[in-house]
**Q** 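After the structure tokens below, expect a handful of questions from me.
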Amino acid sequence: MNLKLKVCGMREADNIVEVTSLQPDYMGFIFYEKSKRFVGDKFFISNEFPQTIRRVGVFVNEKVDTILRQVSRHKLDYVQLHGSEPPDDCKALIERVGVIKVFSIDNEFDFNTTK
């Protein structure tokens, strides 16, 4: 089994430094304003951030151009989409950055939507 570790909701510089010392595979930063862990408008990722840790931006129903601006600004390796983003948005993003699409699953969920 190839286990990967992702730590999410990071926004405070001191916490980011401490967690990077643990060398997780991925670190997530939330760009959704309604989240308690929203990074805020003045957030930046230090140039000292290890390149071995993949940067993941978490978004909810955000416009593709807004996501791509954050990808460029923060050198994100992946975007994690938690909303009801349409397939065309996912396709547009996957041409520029890795995409992790989250689906809320219940007893009524149609797994064909993942295609």
Side-chain angles (χ1 to χ4, degrees):
M1 177 192 295
N2 189 7
L3 183 65
K4 300 285 184 179
L5 176 64
K6 177 178 172 262
V7 178
C8 199
M10 303 304 295
R11 62 181 187 181
E12 306 297 332
D14 291 343
N15 290 346
I16 292 169
V17 169
E18 292 224 13
V19 172
T20 59
S21 71
L22 301 173
Q23 290 294 303
D25 300 289
Y26 306 89
M27 189 174 294
F29 308 97
I30 299 176
F31 293 91
Y32 180 56
E33 290 182 16
K34 293 181 182 178
S35 172
K36 293 178 188 175
R37 295 177 286 161
F38 172 57
V39 294
D41 296 326
K42 297 180 189 218
F43 175 75
F44 75 97
I45 299 171
S46 167
N47 289 334
E48 305 299 316
F49 190 87
Q51 292 195 7
T52 56
I53 301 173
R54 300 286 135 222
R55 302 171 187 209
V56 181
V58 178
F59 299 89
V60 179
N61 296 325
E62 190 58 75
K63 294 178 183 175
V64 170
D65 60 331
T66 301
I67 293 172
L68 290 175
R69 274 197 304 276
Q70 296 293 14
V71 166
S72 177
R73 179 178 180 199
H74 299 288
K75 300 177 185 157
L76 301 176
D77 300 294
Y78 292 88
V79 295
Q80 184 172 322
L81 307 175
H82 274 266
S84 55
E85 296 84 5
D88 286 344
D89 286 3
C90 296
K91 287 177 187 175
L93 288 166
I94 207 164
E95 293 174 4
R96 305 274 305 274
V97 65
V99 174
I100 301 167
K101 177 64 183 118
V102 175
F103 295 91
S104 296
I105 297 177
D106 60 16
N107 291 337
E108 310 289 318
F109 185 74
D110 177 5
F111 283 89
N112 288 318
T113 61
T114 63
K115 294 177 183 176

**Q** Quick one: do the Arg69 and Ser72 side chains pair a donor with an acceptor below 3.5 Å?
**A** no

**Q** What distance do Phe29 atom CZ and Arg55 atom CZ have between them, rounded to the nearest 0.5 Å?
**A** 7.0 Å

**Q** Following the transitive rule for hydrophobic clusters with a side-chain heavy-atom cut-off under 4.5 Å over Ile, Leu, Val, Met, Phe, Trp and Tyr, establish whether Phe103 and Phe111 coincide in one cluster.
**A** yes

**Q** Could you check whether any side-chain heavy atom of Lys75 comes within less than 4.5 Å of a side-chain heavy atom of Ile45, counting everything from C-beta outward?
**A** no

**Q** To the nearest 0.5 Å, what is the distance between CG (Asp25) and OG1 (Thr52)?
**A** 9.0 Å

**Q** Could I get the full list of side-chain hydrogen bond (donor to acceptor under 3.5 Å, both in side chains) partners for Asn15, not counting sequence neighbours?
**A** none

**Q** I want to check something: taking the side chain as every heavy atom from C-beta on, are Lys101 and Glu85 in contact at a cut-off of under 4.5 Å?
**A** yes

**Q** State, with a plain yes or no, whether a side-chain heavy atom of Ile16 is found less than 4.5 Å away from one of Phe49.
**A** yes

**Q** Under a 4.5 Å side-chain heavy-atom rule over Ile, Leu, Val, Met, Phe, Trp and Tyr, are Ile67 and Val39 clustered together?
**A** yes

**Q** How close do Ala92 and Val64 get, counting heavy atoms only, and between which atoms?
**A** CB-CG1, 4.3 Å

**Q** Identify the heavy atoms of Pro24 and Val19 that sit nearest to each other, and give their distance.
**A** CD-O, 3.3 Å

**Q** Taking atom CG of Asn107 as the centre, does the number of heavy atoms from other residues, nucleotides or ligands within less than 6.0 Å exceed 12?
**A** no

**Q** If you define the side chain from C-beta out and look only at heavy atoms, does anything of Asp65 sit under 4.5 Å from Leu68?
**A** no

**Q** Considering residues, nucleotides and ligands other than Glu48, do more than 12 of their heavy atoms fall under 6.0 Å from its CD?
**A** no

**Q** Looking at CE of Met10 and CZ of Phe43, how far apart are the two atoms once the value is rounded to the nearest 0.5 Å?
**A** 9.0 Å

**Q** Kindly compute the distance separating CD (Glu62) from OH (Tyr32), expressed to the nearest 0.5 Å.
**A** 10.0 Å

**Q** Nearest 0.5 Å, what's the CG-CG distance between Asn61 and Leu81?
**A** 9.0 Å

**Q** Would you indicate whether the side-chain heavy atoms of Arg54 and Tyr78 approach each other to under 4.5 Å?
**A** yes

**Q** Side chains of Ile100 and Val79: closer than 4.5 Å at any heavy-atom pair?
**A** no

**Q** Could you tell me the separation between the OH atom of Tyr26 and the SG atom of Cys8, rounded to the nearest 0.5 Å?
**A** 13.0 Å

**Q** Can you find a heavy atom in the side chain of Pro50 that is under 4.5 Å from one in the side chain of Ile53?
**A** yes

**Q** With sequence neighbours left out, what residues match Lys6 under side-chain hydrogen bond (donor to acceptor under 3.5 Å, both in side chains)?
**A** Gln80

**Q** Could you tell me whether the side chain of Leu76 reaches within less than 4.5 Å of the side chain of Phe31, counting heavy atoms only?
**A** yes

**Q** Please name the pair of heavy atoms, one in Gly9 and one in Ile30, separated by the smallest distance, quoted to 0.1 Å.
**A** CA-CD1, 3.8 Å

**Q** Kindly check if the number of other-residue, nucleotide or ligand heavy atoms within 6.0 Å of CG (Asn112) is above 12?
**A** yes

**Q** For Arg73, does the CZ atom sit with more than 12 other heavy atoms under 6.0 Å from it, leaving out its own atoms?
**A** yes

